[in-house]
Structure formats: C-alpha cells, structure tokens
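First up is the structure itself, then whatever we jot down about it.
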Protein chains: 2
Amino acid sequence: MYLRALTGLADDGTTTCSSEELAAAAGVNSAKLRKDLSHLGSYGTRGVGYDVEYLRYQIAREIGVTQDWPVVIVGIGNLGHALANYSGFRSRGFRVVALLDADPRRHTEVVAGLEVRSFDDLESIVAEHDVSIGVIATPAVAAQDVADRMVASGVTSILNFAPTVLSVPDGVDVRKVDLSIELQILAYHEQRKAVAPGSEVVS
Amino acid sequence: MYLRALTGLADDGTTTCSSEELAAAAGVNSAKLRKDLSHLGSYGTRGVGYDVEYLRYQIAREIGVTQDWPVVIVGIGNLGHALANYSGFRSRGFRVVALLDADPRRHTEVVAGLEVRSFDDLESIVAEHDVSIGVIATPAVAAQDVADRMVASGVTSILNFAPTVLSVPDGVDVRKVDLSIELQILAYHEQRKAVAPGSEVVS
DNA sequence: GACGTTTTGTTCTCCCGTTCACAAACTCCT
DNA sequence: AGGAGTTTGTGAACGGGAGAACAAAACGTC
Ligand SMILES: NC(=O)c1ccc[n+]([C@@H]2O[C@H](COP(=O)([O-])OP(=O)(O)OC[C@H]3O[C@@H](n4cnc5c(N)ncnc54)[C@H](O)[C@@H]3O)[C@@H](O)[C@H]2O)c1
Ligand SMILES: NC(=O)c1ccc[n+]([C@@H]2O[C@H](COP(=O)([O-])OP(=O)(O)OC[C@H]3O[C@@H](n4cnc5c(N)ncnc54)[C@H](O)[C@@H]3O)[C@@H](O)[C@H]2O)c1
C-alpha cells in the first residue's frame, strides 16, 4: 500500500513527504506507518521526512519487485480474460508469461498478445520461464487439481480466485480472493445499519 | 467462509457435521470456528455436532443474505464485464440490477442480459431499486468521483477494485480488493524463500 | 554555536483475535 | 439406569497489531 501511495506521490511530482502525508495517502495511521517502515530500516530524516523516490525503491527492493516476476494464469474465462488484459500487473512488477485453459476451443484465442495454450503445457512453461507464481481462475471444482499440477511443476505461490479452500504442501503459499465474501461482509454491516443506525465502520 | 463450506457440505449430501469437519472444510482451527459460531448463538448439539442446513440458514440470516441485495456495478471494462457475467453473486445473495459506464460507446452493449446504461442514471436506479451496495471497477482516477456520486445518491457500502484510497463520510463502508498487492505479498514471501529456504507460510 | 521547530524512531500500553484445555451436555450401548 | 465415548461452548493464557506519547535527531535562524 505504501508502495502504491509513493508511486502516486512521485507521479504528482512530490520529492519529499512526511509520515503524516504518506499515511494519509495510504489511508492508515501515521504511527503505524512509521513503525512499519522502521522494520525495513531507517530511511527517513528527522525534521524532514522521507525522500519519495528513495523510499519507493527501498520498499520495492524489500518486497522483491525491482525485477519482474513471471506469472501464469490458468482458466481463461470471464475473470481470466480480465486479468490477462490488465496492464496494472506489468507496471507493478509482474509479467504474465502464459495463459492456460483446459478447453481446446479456447486455444485458438489470443488475449493481450498471448495465445491461450493447453493446460498440459504447464510443466514446460513453468520450467522454461522459471515461474514461481500461479493464478487460478478456473471453476471451483477444478481448482484443487490445478493447484496440485502447479505445485508439482514447481510453482510455490498461488493466487486463488476460485471459492474453495486449497490444500498445498508446506512451503507453498496460497492467497485467496473471494469476491462473494467481500460483498457478504458489506451486506452484514448494511443489515446492522438498518437495525441499529450509526456506529459501525469497516476497517 | 463457514457459509460457503456449509453449502459445499450440503451439496455433498451431508446433513450433520462436527466442528472439526466444518473447520477443515473452511480451512480454520476448530476452536476458532466454535467460538465464532458461539457468538451467533448455541446452534450445535454436544456429542453430535451441527445440523448443516439449520446452521447454514442461521449464518445466512445473521449475515443478512436470506434475501437478495441489489447491487450496481460502475465501470464496465475488462473487470466489469467479468463481474457482470459472474453467476456466483446471484447464488450467494446478490442481484446485479444495473451496469453503468461513462463511455457512451458502451451504452449499446448488453452484458449478462443487462444493458449498459449511462452513469447519469445512477441516482434514479439507486432510488428505484433501493440499492445500498455499489461496486467500482473504473480506472483509479475516476474512482473517487464515482464513490462521491454513489454516496450522494444513497449507496452506503462500496466494493472498490480501483487501486486508490477512497475517502467517504462516516457511516459508509468501503472494502477494497487490490490484486496487485496480493501478488506483491506472494512475491515478498517468494523472495524470502529464495534467501532463507523453508519456515514461511502465509496465513 | 545555541535554541526553537519539525519530524522520525521507539517504547509502552491497550485491545482483540487465536488457541489450548476442560467442564458440561448429549448419545449410545449394555 | 448407568457408564463410556463424543463433541460443544467457554474460561484462561498467549501473541501481536494499533495507537498514544515521547526522546532523539536534523534543520533553520539568529
Ligand atoms: N467472473 C468473476 O467476476 C468472478 C468473481 C468471483 C469469483 N470468480 C471465480 O473465478 C473463477 C473463474 O470465474 P469465471 O467467471 O472466469 O469462470 P468461467 O467459467 O468463465 O471460466 C473458467 C475457465 O476455466 C477453464 N477451466 C475449467 N477447468 C479447467 C482446468 N481443469 N484447467 C484449466 N482450465 C480449466 C474453463 O475452460 C473456462 O475457460 C470461478 O471459480 C469463479 O467462482 C469469478
Ligand atoms: N482487469 C483486471 O483484471 C484488474 C485487476 C486489478 C485491478 N483492476 C482495477 O479495476 C479497475 C478496472 O479495470 P479494467 O481493466 O476493467 O479497466 P478498463 O479500462 O477496461 O475499464 C474501465 C471502465 O470504466 C469506465 N469509466 C471510466 N471513467 C468512468 C466514470 N467516471 N464513470 C463510469 N465509468 C467510467 C470506462 O469507460 C471503462 O469502460 C481499474 O481501476 C483497475 O486498476 C483491474
């Protein structure tokens, strides 16, 4: 979040910022921001603030997005198309190297300059591009199988959009994005507003 | 998450389950699950477990998804199309009532049985369908404006896909989904694996 | 060079979510 | 009916994140 906020500030031509300003841009408390940054090192100057470009680089380096990470997307349906076409990944340190789908009818398609390839090509693509991050955008029933194949072929980080719990071996990281749950959380608070007006805010 | 897990169990024909089983299906610790459920009431039977259908209804009622919530989606680009076409929202308590876009060229389109309408129709649509939940899938620069218009027209919960911090008045809830940040979190752990192998797992 | 101002880095405290562990409650079998 | 075996609900301990507050450091001014 801080990286995103710093990029925004840099685009506006800001060269220096205080913890207060950056915290506002990132939507957090300034004390929390300073504590978070202090874990990376002492990159600010007391009485002055932080150098935007310098701090941006330091955070990018710490996260590991100074070079591009190759990524494969599996499941080029509605969501897969949107992800493949999204330009924001490229500018934030990721490069989509392959789009895979089990449905042969998809294999004639070209999305965002990449041809959709057979899911069977997974192993060779992962090996060739040294891919460690995979994105799953298949239906829920297929997700575990896809994850297993990914892990077997060498992927060690998975971003899962399918509404299922994936089980993976130790050492493999999974993050899930479940949009229905996000909406349900909003609905819950919405319902409570109707019953007891005021007082509730989402973190 | 529990609701999703319970629906899965119900689909499999399971009528009763223990906290251990449900916790496994939801991917959490069983003690946590029991404590969470205890906040809703005492819906289990000691020595037996939980009745799947009964508990499912109780959770749905607590969340407020026993009836459908009307939802508007603003910004029918790559992501907006995917969201509009997603059938999972419908089955989880949400009904997309309108698709809005500022670009007049989009207004001839019909997506998932709904015509894409002008953003200026927001107020009338929100009033007509009593919409309280809005989804923002526009570019980041437009997101704050869209949010302001939503709030002004009566929306009190926003799901934001644009990589920006939205500022909204008290009483309005915002949840954000930032896919680049999800990938960056994976990249961070990935980088650390390369440096110090083993030992790290994402929550 | 000393002093006031600004802003970071850090400590301390508070609070909340997570987990363990166990008593209470229920079922089943004899 | 009683006892063995399960499984829930919850009290207690633990851990960690969030914010308030302050000392240390840099800068500008006289
Ligand atoms: N579309 C959305 O906005 C949205 C929102 C929330 C969650 N999701 C979830 O994301 C996932 C994808 O959604 P979608 O709308 O794009 O679905 P979709 O049906 O449009 O696309 C799924 C694609 O996956 C492919 N596929 C199926 N099995 C496969 C396998 N074993 N290996 C490789 N590819 C396989 C299919 O051929 C298809 O092209 C689903 O799990 C859905 O629940 C989607
Ligand atoms: N596509 C993805 O997979 C993806 C992934 C992560 C984040 N996002 C974010 O989601 C948002 C949408 O992404 P996208 O790829 O769909 O972009 P897009 O450019 O394809 O679509 C944006 C749509 O919003 C419309 N729009 C612009 N200004 C508007 C306004 N003021 N009011 C109403 N509509 C307006 C445009 O006409 C366009 O149709 C972006 O903020 C992007 O950063 C997208």
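Keep in mind that this is a model prediction, so the values were computed, not measured. Naming: A, B, ... by sequence-line order, numbering from 1 per chain.
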Task: D:dA18 phosphate, OP1 or OP2, under 4.0 Å from A:Lys32 side-chain N/O - done: yes
Task: Length of the line joining A:Leu37:CG and C:dG9:C1', which is rounded to integer Å - done: 11 Å
- [ ] Would you tell me whether A:Ser19 and A:Arg34 have side-chain atoms, one donor and one acceptor, within less than 3.5 Å of each other?
- [x] yes
Task: Nearest-angstrom distance from the residue atom CG of B:Asp36 to P of C:dG17 - done: 9 Å
Open item on the list: Check the phosphate of D:dG9 against B:Tyr50, side-chain N and O only, distance under 4.0 Å to OP1 or OP2. Yes or no?
Closed with: yes
Open item on the list: The side chain of A:Ala31 is closest to which nucleotide in this list: D:dA20, C:dG9, C:dA21?
Closed with: D:dA20
- [ ] Round to a whole Å and report the spacing from CG of A:Leu40 to P of C:dT8.
- [x] 15 Å
Open item on the list: Measure CD/B:Gln58 against C1'/D:dG9 and give the value in whole Å, please.
Closed with: 17 Å
Open item on the list: Tell me if a side-chain donor or acceptor on B:His81 pairs with a main-chain N or O of B:Ile76 at a distance below 3.5 Å.
Closed with: yes
- [ ] Working to the nearest 0.5 Å, report the span between CG of B:Leu33 and CD of B:Glu21.
- [x] 11.5 Å
TODO: Ignoring backbone atoms, test whether B:Asn29 places a side-chain nitrogen or oxygen under 4.0 Å from the OP1 or OP2 oxygen of C:dC20.
DONE: yes
- [ ] Quick one: pull up CD in A:Glu128 and CD1 in A:Ile125 and give me the separation to the nearest 0.5 Å.
- [x] 7.5 Å
TODO: May I have the distance from A:Asp51 (atom CG) to C:dT7 (atom P), rounded to whole angstrom?
DONE: 16 Å
Open item on the list: Please report the distance, rounded to the nearest Å, between CG in A:Leu33 and C1' in D:dA20.
Closed with: 16 Å
Check the interface with nucleotides 23-30 of chain D: list each N/O to N/O pair with the protein under 3.5 Å, or write none.
| from | atom 1 | to | atom 2 | distance (Å) |
| --- | --- | --- | --- | --- |
| D:dA24 | N3 | A:Arg46 | NH1 | 2.8 |

Show me the side-chain donor-acceptor pairs of residues 137-147 of chain A shorter than 3.5 Å, one per line, residues at least two apart or across chains.
| from | atom 1 | to | atom 2 | distance (Å) |
| --- | --- | --- | --- | --- |
| A:Gln144 | OE1 | A:Ser167 | N | 3.0 |
| A:Gln144 | NE2 | A:Asp148 | OD1 | 2.9 |
| A:Gln144 | NE2 | A:Ser167 | O | 3.0 |

- [ ] Please report, rounded to the nearest Å, how far the C1' atom of C:dT11 is from the NE2 atom of A:His39.
- [x] 13 Å
Open item on the list: Less than 4.0 angstrom between a side-chain N/O of B:Ser19 and OP1 or OP2 of D:dT8, yes or no?
Closed with: yes
Open item on the list: How many whole angstroms separate atom CD of B:Glu20 from atom P of D:dG9?
Closed with: 14 Å
Open item on the list: A side-chain contact here means heavy atoms from C-beta on lying under 4.5 Å apart; do B:Arg95 and B:Val71 qualify?
Closed with: no
Open item on the list: With rounding to the nearest 0.5 angstrom, report the NE2 to CD distance, B:His39 to B:Glu62.
Closed with: 11.0 Å
Task: No-H, no-angle donor-acceptor pair, B:Lys35 side chain to D:dG9 base, under 3.5 Å - done: no
